[in-house]
Structures are given as C-alpha cells and as structure tokens.
Amino acid sequence: MISKNRIKYIHSLEQKKHRRNEGVFVAEGPKLVAELLAVLDCVYVACVESWHSALSADLPETCACDIVTEDELVKVSFLETPQQVLAVFRQPEYYVPMSVSASERLCLALDDVQNPGNLGTIVRLADWFGIEDIYCSLGCADIYNPKTVQATMGAVARVRVHYVDLVEQLRELDETVNVYGTFLDGENVYDKTLEDRGVIIMGNEGRGVSDAVASYVNERLRIPNYPEGRKTSESLNVAIATAVICAEFRRKR
C-alpha cells in the first residue's frame, strides 16, 4: 500500500522544479525500469507482486519498495495504462564539454526542441546510431520529464544529455571541427561528404535553428523531398529529420 505522502511526493515529480530540487526522476514499465536499474541508483519502487517476485533481487538494499495492486498503481502513475512498476531514480551526474566530444566523434546539439516526445525520441535515435552526447539549449524540454523518459525507451541510461549555453559551447570549438546544421536552403545531404566527428545541430519544431546558433554552422545540410520541386509538407518533424540525418552520416562511414 502507498501512503498519501508518497503519492503526493511522486505527483510532485511531474514538475521540473521538484525533480531538480530532489535530483530524481520517474520511470515506468518493466522494460524501461529494468534497463535503468542496471546503471542508475534507484531510490523507490511501487510494483505489483508479480514484478517484485521476478526482479526484487535487482533492487539495491537502500531502495524503498511498496508492493501494490493495479488500482493503487493507477494513483501514482503518469501513464494512461500503468505497467506493473513505477520507479524513482537519481539523476546521473556527468559533463563532457562539446569541444572534447565533437573533436573525437559525432555529437548532437538541439536548439530549443520543446516537445518532450521529440526529445525522448531523439535520445533513443542517438543511442541507436552510437551518438553518446547530446547538447541541449536551455530552452529545450527537460530530459527527466516523465513523457521524455518514457519516449527514450531506456536510452537515457546510455546517452549523456547536457544542458548548456549552445552559443558559448560552439564558440569554444576548434575551427577544424565541422558544425552541421539542417536548413531548407542547405546542400543536399545525400550529395555531401560527411565526417565521423563534429556537431549536428537540429532546430526548434517551429522556427528551426536560431540565428545566433546558425552563425556557427559551417556545413548547411538539407533533406530533399522527392521528387524535388514537388509541392509537399513544409518540413519534417524534428525527430524524423534527426533519424534521416544520423542514418546518412552512419551510412557514409
């Protein structure tokens, strides 16, 4: 059974300020929780008996645990249909400067990507394509928003997401580092020679890459529609565009 205070506490973690103050976040569902348990510190679990019987050995000794019914899980879950387990994890601490990451390998930079689902999907894509660091502007959605965490499908355990002043980070890059950006007037990505290091910048869902960030781009890319010149949608969803761009970078290597 979950106490009223525990329910109130978990509900408070839907808000960014409380997640930041507590240094924790919520994850739900057997697959996601199992992936995070392998790498992150779990401080609390609410789960049904069947989940607890199968996986309680994976919980740290210091982790508080409530065994609940499906109806009780509904009271704390952020999902429309709760999935056996809800867990609270400590937010990991890490920092790799963009100047270090981009000089050695590919990294992503997100300029005010504000939809939690888009951000979570991009983290999942980065994980798939072997990109270890994502640099988010301060206007991006919060990686620890419950919707974002669910959309990562566990990739949040393997991809480092940094919140930074993008302009400041870009300013500190060595001039030999390629900074790629996606623009409607860029060069056809399928015709470009693409390097296996540098920064790929993806812009805001509505306005794209901001002028301040765009001033540091030295390789402007475009995903052409097919056939070119045909009247079509104005642009691609930012997560879909990220998938196309990352796939092309990896294909050419």
Side-chain angles (χ1 to χ4, degrees), residues 1-94 113 115-132 134 136 140-163 239:
M1 183 174 180
I2 308 178
S3 69
K4 290 182 179 179
N5 284 341
R6 186 84 75 181
I7 293 172
K8 183 178 180 181
Y9 171 70
I10 293 171
H11 284 173
S12 75
L13 298 180
E14 190 170 17
Q15 297 182 44
K16 182 178 178 179
K17 65 178 181 180
H18 293 301
R19 292 193 299 270
R20 183 191 293 122
N21 289 341
E22 296 290 328
V24 298
F25 69 96
V26 174
E28 298 189 60
K31 184 179 184 301
L32 176 56
V33 170
E35 287 205 41
L36 297 182
L37 278 174
V39 293
L40 298 180
D41 183 20
C42 185
V43 298
Y44 172 74
V45 164
C47 61
V48 297
E49 177 64 45
S50 59
W51 187 92
H52 187 265
S53 297
L55 291 168
S56 60
D58 294 335
L59 297 177
E61 292 183 2
T62 56
C63 179
C65 181
D66 286 322
I67 299 175
V68 299
T69 65
E70 294 282 0
D71 288 342
E72 288 176 317
L73 198 56
V74 169
K75 295 179 181 179
V76 292
S77 176
F78 297 121
L79 302 177
E80 289 186 15
T81 305
Q83 302 174 14
Q84 300 180 44
V85 58
L86 175 149
V88 178
F89 291 91
R90 294 203 185 280
Q91 297 178 12
E93 295 183 8
Y94 46 65
V113 172
N115 181 281
N118 282 339
L119 175 57
T121 301
I122 290 171
V123 174
R124 186 178 178 184
L125 287 165
D127 187 32
W128 184 263
F129 288 109
I131 294 174
E132 300 174 356
I134 297 178
C136 292
C140 281
D142 181 19
I143 183 59
Y144 298 118
N145 179 304
K147 292 180 180 179
T148 310
V149 172
Q150 292 303 124
T152 71
M153 295 296 288
V156 68
R158 292 174 293 275
V159 177
R160 295 182 291 262
V161 180
H162 314 275
Y163 285 83

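Here the structure is a predicted model, which means the values were calculated and not measured. Below, each value reflects all heavy atoms present in this structure, side chains not excepted, and no hydrogens, waters or symmetry copies.
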Residues that His162 engages under ring pair (Phe, Tyr, Trp, His ring centres under 6.0 Å), provided they are two or more places apart: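 Partners of His162 under the ring pair (Phe, Tyr, Trp, His ring centres under 6.0 Å) test: Tyr94, Tyr95, Tyr135.
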Test ring pair (Phe, Tyr, Trp, His ring centres under 6.0 Å) applied to Phe25 - qualifying residues, sequence neighbours left out: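 Once residues adjacent in sequence are excluded, the partners of Phe25 under the ring pair (Phe, Tyr, Trp, His ring centres under 6.0 Å) criterion are Phe89, Tyr144.
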If we ignore hydrogens and angles and just use 3.5 Å, is the side chain of [X] paired with the main-chain N or O of [Y] as donor and acceptor?
| X | Y | result |
| --- | --- | --- |
| Tyr163 | Ile143 | yes |
| His11 | Lys75 | yes |
| Asn115 | Gly117 | yes |
| Glu132 | Val159 | no |
| Glu28 | Gln150 | no |
| Arg90 | Cys42 | no |

Any residue meeting side-chain contact (heavy atoms from CB on, under 4.5 Å) with Ala46, in chain and number order, not counting sequence neighbours: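 Checked Ala46 against side-chain contact (heavy atoms from CB on, under 4.5 Å); matches are Ile2, Tyr44, Leu73.
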Check against side-chain contact (heavy atoms from CB on, under 4.5 Å), Thr148 and Val123: CA-CA 9 Å; Thr148 310; Val123 174; 5.7 Å; no
Side-chain touch Val149/Val26, heavy atoms, less than 4.5 angstrom: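 No, every pair of side-chain atoms sits at 4.5 Å or beyond.
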Inter- and intrachain pairs under ring pair (Phe, Tyr, Trp, His ring centres under 6.0 Å), touching residues 47-88, at least two apart: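 Every pair satisfying ring pair (Phe, Tyr, Trp, His ring centres under 6.0 Å) with a residue in residues 47-88: there are none.
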Partners passing side-chain hydrogen bond (donor to acceptor under 3.5 Å, both in side chains) against Glu35 (at least two apart in sequence or in another chain):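 side-chain hydrogen bond (donor to acceptor under 3.5 Å, both in side chains) check on Glu35 returns Lys31, Arg158.
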Contacts of Glu49 that satisfy side-chain hydrogen bond (donor to acceptor under 3.5 Å, both in side chains) - sequence neighbours left out: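 Only Ser53 meet the side-chain hydrogen bond (donor to acceptor under 3.5 Å, both in side chains) criterion with Glu49.
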Verdict with reasoning, Val156 to Leu40, per side-chain contact (heavy atoms from CB on, under 4.5 Å): CA-CA 10 Å; Val156 68; Leu40 298 180; 5.5 Å; no
Intermediate values then yes/no, side-chain contact (heavy atoms from CB on, under 4.5 Å), Leu119 and Cys136: CA-CA 9 Å; Leu119 175 57; Cys136 292; 4.1 Å; yes
Point-to-point distance, once rounded to the nearest 0.5 Å, from CD1 of Ile67 to SG of Cys47: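 Between atom CD1 of Ile67 and atom SG of Cys47 there are 5.5 Å.
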Atom pair CZ/CG of Arg6 and Asp66 - distance to nearest 0.5 Å: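 The distance works out to 5.5 Å.
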For Ser12, the option from Lys17, His18, Glu22 that meets side chain to side chain contact (heavy atoms under 4.5 Å, CB included):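 In the set Lys17, His18, Glu22, the residue that makes a side chain to side chain contact (heavy atoms under 4.5 Å, CB included) with Ser12 is His18.
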